[in-house]
Amino acid sequence: MSDTRENPCLSCGACCMTYRVSFYWADADARGLPPALTEQVNAHFSCMAGTNAKAPRCAALRGEPGGRYACSVYEQRPEPCREVQIGDAKCLQARARHALSALA
């Protein structure tokens with residue numbers, strides 16, 4: 001998927017700026033996530049850096065509104081990121097929060 005017609009995520013980034021991405025702390029090491037991109041939430045859970053904020057923005061997200069977006073650790077991204085699918089309820093909720101149109 002190389003362009004926004006095939007992958008609308010490349011012009012969106014809304015889910016990466018909406019949700020706290022929490023996961024069992026050991027998953028970060030297992031997936032090879034750089035420690036600088038995670039934050040400890042409690043004794044058992046970590047989250048992607050930047051997502052545990054009032055206005056979340058994942059530290060792994062690259063890009064700016066109106067341009068292209070990409071996850072800098074796409075292959076290592078944690079399970080909560082993998083669960084969001086193009087056009088599913090979480091995707092549509094995130095797009096609505098950022099005043100983006102629903103996907104067809």
Are [X] and [Y] packed together at the side-chain level, in the sense that at least one heavy-atom pair is separated by less than 4.5 angstrom?
X     : Y      : answer
Cys71 : Leu61  : no
Arg77 : Arg31  : no
Ile86 : Cys9   : yes
Met17 : Tyr69  : yes
Arg95 : Ser101 : yes
Val41 : Arg20  : yes

Exam field: side chain [X] to backbone [Y], donor-acceptor pair closer than 3.5 Å:
X     : Y     : answer
Asp88 : Gln85 : yes
Glu39 : Ser46 : no
Glu75 : Ser72 : no

List in chain and number order the residues that pass side-chain hydrogen bond (donor to acceptor under 3.5 Å, both in side chains) with Asp27, two or more places apart in sequence or in another chain; answer none if no residue qualifies.
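Result, side-chain hydrogen bond (donor to acceptor under 3.5 Å, both in side chains) vs Asp27: none returned.
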Looking at [X] and [Y], what are the two nearest heavy atoms and their distance?
X     : Y     : answer
Ala49 : Ala36 : CB-O, 4.0 Å
Tyr24 : Phe45 : N-CD2, 3.7 Å
Cys91 : Gly87 : SG-N, 3.3 Å
Pro56 : Arg97 : CD-NH2, 4.0 Å
Ser22 : Pro80 : O-CG, 3.0 Å

Gln93: what forms a side-chain contact (heavy atoms from CB on, under 4.5 Å) with it, not counting sequence neighbours?
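Counting only residues at least two positions away or on another chain, Gln93 forms a side-chain contact (heavy atoms from CB on, under 4.5 Å) with Tyr19.
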Basic-acidic side-chain contact under 4.0 Å: Lys90, Glu83
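Judged by the 4.0 Å cut-off on N to carboxylate O distance, Lys90 and Glu83 do not form a salt bridge.
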How about His98: does its NE2 atom have over 12 heavy atoms from other parts shown lying under 6.0 Å from it?
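Check passes, neighbour count above 12.
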Linked hydrophobic residues, Leu33 as query - side chain contacts closer than 4.5 Å
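Hydrophobic cluster check, Leu33: joined to Val21, Phe23, Leu37, Met48, Val73.
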Stepwise side chain to side chain contact (heavy atoms under 4.5 Å, CB included) test for Thr38 and Cys47:
CA-CA 6 Å; Thr38 65; Cys47 69; over 6 Å; no
